[in-house]
Amino acid sequence: MSGGVEWALHCCVVLTSVQVPVPAARLAELHDISPTYLAKQLQALSRAGLVRSVQGKSGGYVLTRSPAQITVLDVVEAVDGPGDAFVCTEIRQRGPLATPPESCTAPCAIARAMAAAESARREALRAVTIADLAADVESDSGAGTLAGVGTWLTATDS
């Protein structure tokens, strides 16, 4: 997975702490990341319908639905695309001892193992929501952590 997935997940989690749009620049400042780089991740989330951009003086980004309805898989696919992490290139059909194509009617053991792993990966990512991650932040960092983040995100003195 790309690094953009991590940034996008962090943005989705912190957006659970506010009820108002948060400017991309404010999210970038919170995460100490380039606003240009983060804007690309937010655009990917927007194209996927996970966040929406609100225009105007009080504009920014908001989640489009409940955090319990957005899965980690949704975010991964928004940023990295829906494709599998492993793509078989039929290496067994190459080289001096290549298996003839007519003998390759079923996926090889490597492709089968990787397909099973991909299925497990998708299921695991589908099982965790942004709400779950937000709850874990509160558990890991202490009750009120996200409320503090929300206060910081919406402060106008910075």
Side-chain angles (χ1 to χ4, degrees), residues 1-18 21-55 59-141 145-146 149 153:
M1 280 181 242
S2 72
V5 168
E6 181 179 9
W7 295 112
L9 286 166
H10 276 280
C11 285
C12 288
V13 169
V14 300
L15 286 174
T16 68
S17 70
V18 296
V22 178
R26 193 71 169 151
L27 289 167
E29 182 181 1
L30 174 68
H31 293 109
D32 192 27
I33 186 172
S34 157
T36 304
Y37 180 75
L38 190 61
K40 291 178 186 177
Q41 312 321 315
L42 291 167
Q43 289 168 358
L45 293 173
S46 181
R47 280 191 303 275
L50 303 177
V51 300
R52 70 179 165 87
S53 174
V54 177
Q55 302 301 313
Y61 286 90
V62 295
L63 295 175
T64 58
R65 55 187 188 251
S66 160
Q69 295 176 323
I70 301 172
T71 69
V72 172
L73 182 61
D74 293 332
V75 176
V76 169
E77 289 183 342
V79 174
D80 281 353
D84 292 343
F86 174 81
V87 177
C88 179
T89 61
E90 282 295 344
I91 289 173
R92 65 185 171 166
Q93 293 181 32
R94 299 179 185 186
L97 301 175
T99 304
E102 59 274 7
S103 296
C104 299
T105 58
C108 73
I110 293 169
R112 289 191 311 270
M114 297 306 283
E118 178 68 24
S119 178
R121 176 185 83 98
R122 286 182 181 279
E123 192 54 39
L125 296 174
R126 188 178 291 112
V128 179
T129 68
I130 297 301
D132 296 329
L133 294 177
D136 286 347
V137 166
E138 291 289 298
S139 174
D140 294 346
S141 300
T145 298
L146 282 175
V149 168
L153 285 172

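Along the sequence shown, the residues carry numbers beginning at 1.
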Any side-chain heavy-atom pair of Ile130 and Val13 under 4.5 Å: yes

Any side-chain donor-acceptor pair under 3.5 Å between Asp136 and Ser139? no

Looking only at non-hydrogen atoms, find the nearest pair between Glu118 and Phe86 and report the distance. OE1-N, 4.4 Å

Are Gln41 and Cys11 close enough, and set up right, to give a side-chain contact (heavy atoms from CB on, under 4.5 Å), and what steps lead you there? CA-CA 9 Å; Gln41 312 321 315; Cys11 285; over 6 Å; no

Could you tell me if the side chain of Leu63 sits less than 4.5 Å from the side chain of Cys12, heavy atoms only? yes

Working note: Leu30 + His10, criterion side-chain contact (heavy atoms from CB on, under 4.5 Å); need CA distance, chi angles, decisive distance, verdict. CA-CA 10 Å; Leu30 174 68; His10 276 280; over 6 Å; no

If you measure from CG on Leu27 to CG on Leu15, what distance do you get to the nearest 0.5 Å? 5.5 Å

Of Asp132, Leu133, Thr129, Thr16, which meets side chain to side chain contact (heavy atoms under 4.5 Å, CB included) against Pro67? Thr16

Measure across Val79 and Ala8 and return the closest heavy-atom pair with its distance rounded to 0.1 Å. CG2-CB, 3.6 Å

Over all heavy atoms of both residues, which pair between Ala78 and Ala48 is shortest? Give the atoms and the distance, please. CB-CB, 3.5 Å

Nearest heavy-atom contact between Gly3 and Tyr37 is C-OH, 3.6 Å

Please name the pair of heavy atoms, one in Gln93 and one in Thr99, separated by the smallest distance, quoted to 0.1 Å. CG-O, 3.5 Å

Rounded to the nearest 0.5 Å, what separation is found between the CE atom of Met114 and the CG atom of Asp84? 9.5 Å

Say you draw a straight line from CG of Leu9 to CG of Leu125; how long is it, rounded to the nearest 0.5 Å? 9.0 Å

Would Arg92 and Glu90 pass as an ion pair if we require N to O under 4.0 Å? yes

Considering non-hydrogen atoms only, spot the tightest contact between Leu146 and Val14 and give its length. CD2-CA, 4.5 Å

Within the supplied structure, the quantity of interest is the number of heavy atoms (other residues, nucleotides, ligands) at a distance under 6.0 Å from Arg126 CZ; does it exceed 12? yes

